Structure formats: structure tokens, C-alpha cells
Participant: 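Here you go, one structure.
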Amino acid sequence: MSYQKVKGTQDFYNENSLKMRYIEEKVRSIISNYGFSEVITPIFENTEVFVRSAGDSSDIVTKEMYTFLDKSERSITLRPEGTAAIVRCFVENKLHSTPGIKKYFYFGPMFRYERPQAGRYRQFNQFGVEVYGDSSPYLDTEIILSAYKVFSNLGIKNIKLKINTIGDFKSREDYANALREYFANHLDSLCSDCKKRYEKNPMRILDCKVDKDNEVLLNAPRIKDFLTEESKEYFNNVLKSLDNLEIPYEVDNNLVRGLDYYTDTVFEFIIDGDNEFKGLAICAGGRYADLIKGFGGPDIPGVGYAFGVERVMNIMTVENLFPTLAKEVDVLIISLDNDSKISALKLADKLRDNDLYVELDYKNNNLKPQFKLADRVKPKYIIIIGEEERNSGIYTVKNTVTKTEDKIEVNNIINAIKENI
Ligand code: AMP
């Protein structure tokens with residue numbers, strides 16, 4: 001029997017669903033001042049969309065995609081990442097036909113068949129941004145700044161920005177040749193996947209999770225020695241502007257990122273606090289030069305990043321960064337007979353129209369269970385309605401904070417409560 005959630009997935013309820021929405025709302029509000037507009041694409045795409053973007057030798061495509069044939073035998077894939085779908089949408093809908101830089105963001109679930117562990121799930125949510133149409137290093141800096149601001153506004157301090165350049169196409173080609181030459185003598189000490197990567201894209205070897213501490217990888221040639229003058233200057237300008245904005249970073253020559261499409265700037269924010277998530281990437285991104293062209297669009301560049309919402313939530317939870325999220329009950333209405341329950345429904349409706357959070361009891365006519373309910377939900381006010389109150393139109397209103405009690409005419413209750421809250 002399998003009435004259990006699928007391995008690597010999570011249910012969010014109570015505090016956790018509130019936390020998820022808190023992060024989402026904060027992020028949306030911060031990002032709105034940068035001019036990003038939201039793109040909502042389908043959760044699934046034709047498989048080719050992801051194969052074209054991530055590259056057919058990437059881990060995502062070879063091992064991690066949830067791919068299936070639909071009833072018409074089309075190969076469909078649950079999206080493992082956001083960039084490919086946004087580029088597909090951008091090109092298909094000719095969003096490039098109007099002038100200017102285009103700034104987009106997305107928020108939603110991604111699916112990868114990865115080995116579940118702390119901070120790694122098979123369904124997880126990403127927030128990401130993509131900007132098309134400009135190849136300025138200052139745009140890269142602003143993109144990084146926006147992620148930095150999101151994290152600092154959420155109170156996350158223990159993270160480290162790692163940044164590198166993988167150069168333009170010429171730099172990458174020279175580097176790939178140098179890596180091929182170097183690894184030719186060390187093939188025996190590489191994992192079986194890296195042997196395949198050697199043939200298809202040797203830069204991927206540097207991104208291997210299995211071989212990451214292998215001496216051979218640590219001593220491999222570095223991209224910085226193969227950069228063209230333009231790429232060097234580009235990267236220096238990114239770093240200079242980051243310095244100027246006082247965004248701390250560490251240049252990491254080993255950072256190459258797993259996907260085929262990156263060029264020039266690549267970066268990651270890594271969790272650095274003393275907790276079980278230390279060392280995990282919280283956000284990753286970079287610039288890509290020819291992805292839009294590869295999808296049949298014009299030759300315009302893009303830059304973007306994505307962060308994992310669950311990882312943000314994990315770190316905020318262990319570092320106690322969430323405010324109280326559960327809404328406090330403003331009013332509990334206690335009713336002493338069935339007609340009073342109807343009056344209670346009517347009053348609750350009016351109070352809620354005035355933005356007050358109201359709870360009531362639907363079943364009990366006795367005081368005792370209803371005061372038990374009050375103990376549990378801890379309202380700021382308790383209103384009691386019985387036959388006498390209904391006949392006189394004057395209700396008893398208890399203030400549970402000051403522990404005082406007033407008789408208030410029903411039409412004045414809203415004002416009386418709102419004045420005090
Ligand atoms: P990527 O698309 O692989 O560059 O990942 C971007 C970000 O998404 C990472 O830095 C993580 O925060 C998050 N992420 C990626 N894979 C997972 C996963 N399996 N579970 C949870 N978060 C993930």
C-alpha cells in the first residue's frame with residue numbers, strides 16, 4: 001500500500017506553509033523594485049526544451065529528469081529548472097519584438113530525480129530571474145545585488161558569494177582543449193561519468209559531485225589562464241562594481257557550473273553557517289550568450305539566477321529568522337442557543353468585512369466548552385450572545401488583555417473594537 005508521499009517530496013502545513021508564503025511575499029516585494037515581471041509557464045514542457053538548454057550530457061538531462069510519454073506518445077518532462085522554459089516562452093511569443101531590456105522572474109516547483117538528503121528534494125521550489133538583451137558587466141552586478149538583497153532582507157547573513165568567469169566562447173574553447181590534454185593522462189582516476197564528460201564537455205568534470213575532492217581535479221588547469229583580454233576586463237568590471245557596492249565575495253577559480261549554456265560570469269551563494277546545511281548552494285546563476293539563439297530567437301544575451309526556496313526556508317528555520325507568522329485571533333464569538341449562533345454568523349461576517357479575524361463555535365450552547373475554545377485560540381476579544389443579548393441588541397464584549405467587560409450596542413461593536421486594536 002502506498003498512501004505516502006513520494007520519496008523526496010514534502011507536505012507543507014501549519015507553520016511551514018506560512019513560512020513558504022512569507023518568503024514568497026518578501027521576495028516578490030523586494031524584486032518588484034527592480035522592474036522584473038512575472039512569467040508563469042507550464043509545469044511540463046516538451047522534453048526537447050530541457051535537452052536543448054541544459055545540454056544532452058548534463059546531469060539534469062542524463063539522470064535527473066522526470067520524463068514520460070503522454071497518451072499520444074509525446075515525450076514530456078516535468079520541468080527540472082526554470083531558464084529553459086522562460087527562454088522557450090520568450091522566443092515562442094516573440095517577446096523580443098518590442099525594444100529594451102526584458103526582465104522576468106518566476107516562482108514555482110521544479111522536479112529532479114536526485115538522491116534525497118538534507119536540503120535536497122525531488123520536488124522543490126525555485127525563485128529565479130532572467131534578464132535578456134544586455135551584455136554589460138554592470139547588469140551582472142545588479143542581478144547579483146538583487147539576490148544579495150533578497151537574502152539580507154530575509155535576515156540571512158551566513159552565506160558566501162562565490163564568483164568566477166568562464167570566459168567568452170574563445171576562452172572556453174581554449175580552456176576545454178587544455179583540460180582535454182591534461183585529463184588525457186589522468187583518465188584512470190576519474191569516475192565513470194567523468195570519463196564520459198571528458199569526451200563531451202571536459203569542463204563538466206570540474207563540477208563532478210563524486211570527484212570533487214580528487215587531487216587530479218584540484219590540480220587541473222584554471223580558466224583564469226585562458227581568458228581573452230575582453231573576458232578579463234569584463235570580469236574585472238563585475239568585481240570592481242561589487243567592491244563598490246560592498247558586496248563581499250570570493251573568487252573561486254573552480255566554479256564552472258554544470259550547464260552548457262553559461263559564458264563569462266558565474267556565481268553561487270553558499271550556506272556558511274554552522275549547521276547541517278553548511279556548504280550547500282542556496283542560489284546559483286550566471287550569464288549565457290547563445291541560449292536564445294539556440295531556441296530559434298535572435299542573438300541576444302541573457303543573465304539570471306535561481307534559488308531554492310526550501311533551502312532558504314531551512315536556513316531561516318535553523319537560524320530563527322522567521323517572525324511570528326500565525327495570525328492572531330481578534331474576536332471569538334460565544335453563542336448560547338441556536339438563534340444566537342445565527343446572530344453570531346452575521347456579526348462575524350461584519351467583523352471580517354472590517355478586516356478582523358473572527359472564530360466562533362458552531363456546535364456547543366454551553367459556556368464551558370466555548371471558554372475552552374477561548375483558552376485555545378486566545379482571542380483579544382470575546383463577545384457573548386444569548387437570548388437576552390439578541391432581544392436587547394446589546395452584547396457583552398470582554399477584552400481579554402485588560403480583563404474588562406463592556407455592554408455595547410451591536411451596531412457600535414465594530415468601531416469599539418477597531419479603535420482598540
Ligand atoms: P540549479 O538550478 O541546479 O543551479 O540550482 C539552483 C538552486 O536551486 C540551488 O542553489 C538550490 O538552492 C536549489 N536546488 C537545486 N536542486 C535542488 C534540490 N534537489 N532540492 C532543493 N533545492 C535545490
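What you see below is based on every heavy atom in this structure, not just the backbone, and it leaves out hydrogens, waters and symmetry mates. For ligands, and for the atoms within them, numbers begin at 1 and follow the listed sequence. Owing to the predicted nature of the structure, the values given are computational and were not obtained by experimental measurement.
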Participant: Look only at interatomic distance and state if A306 has a nitrogen or oxygen under 3.5 Å from any nitrogen or oxygen of ligand 1.
Facilitator: no
Participant: Checking side chain to side chain contact (heavy atoms under 4.5 Å, CB included) between R172 and each of T228, T263, L227, which is the one that passes?
Facilitator: T263
Participant: Does the side chain of Y234 pick up a donor-acceptor pair with the side chain of D140 at under 3.5 Å?
Facilitator: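 Checked: Y234/D140 side chains pair up, N/O donor to acceptor below 3.5 Å.
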Participant: Heavy-atom contacts with G119 under 4.0 Å: which atoms of ligand 1 show up? List them by number with element.
Facilitator: 20 (N), 21 (C), 22 (N)
Participant: Applying side-chain hydrogen bond (donor to acceptor under 3.5 Å, both in side chains), run through Y288 and E130 and close with a yes or a no.
Facilitator: CA-CA 10 Å; Y288 41 93; E130 308 290 342; 2.4 Å; yes
Participant: If you measure from each non-hydrogen atom of R122 to ligand 1, which part falls under 4.0 Å: side chain, backbone, both or neither?
Facilitator: neither
Participant: Step through it carefully: locate the ring centre of F151, locate the ring centre of F269, and say whether they are under 6.0 Å apart.
Facilitator: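 For F151 and F269, the ring centres are under 6.0 Å apart.
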Participant: State the atoms of ligand 1, each with its element, that fall below the 4.0 Å cut-off from a heavy-atom position in I282.
Facilitator: 10 (O), 12 (O)
Participant: Side chains of S335 and S340: do they bring a donor and an acceptor to under 3.5 Å?
Facilitator: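 Their side chains do not contain a donor-acceptor pair, so the 3.5 Å distance test is not met.
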Participant: Do the rings of F127 and F105 sit parallel, tilted or perpendicular, given the 30° and 60° boundaries?
Facilitator: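 If you compare the ring of F127 with that of F105, the planes turn out tilted.
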Participant: Which ligand 1 atoms, with their elements, are less than 4.0 angstrom from a heavy-atom of C283?
Facilitator: 10 (O)
Participant: Using a 4.0 Å cutoff against the non-hydrogen atoms of E114, which atoms of ligand 1 qualify?
Facilitator: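 Those qualifying, in numeric order: 16 (N), 17 (C), 18 (C), 19 (N).
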Participant: Give yes if a backbone or side-chain nitrogen or oxygen of Y121 is under 3.5 Å from a nitrogen or oxygen of ligand 1, and no if not.
Facilitator: yes
Participant: Would E268 and L255 satisfy side-chain contact (heavy atoms from CB on, under 4.5 Å), going step by step from the backbone distance to the final call?
Facilitator: CA-CA 8 Å; E268 281 186 352; L255 184 66; 3.6 Å; yes
Participant: Quick check on R112 - does any of its heavy atoms sit under 4.0 Å from an atom of ligand 1?
Facilitator: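 R112: in contact with ligand 1 (<4.0 Å).
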Participant: Kindly confirm or rule out an N or O of F124 lying under 3.5 angstrom from an N or O of ligand 1.
Facilitator: no
Participant: For ligand 1, is there an N or O atom under 3.5 Å from any N or O atom of G308?
Facilitator: yes
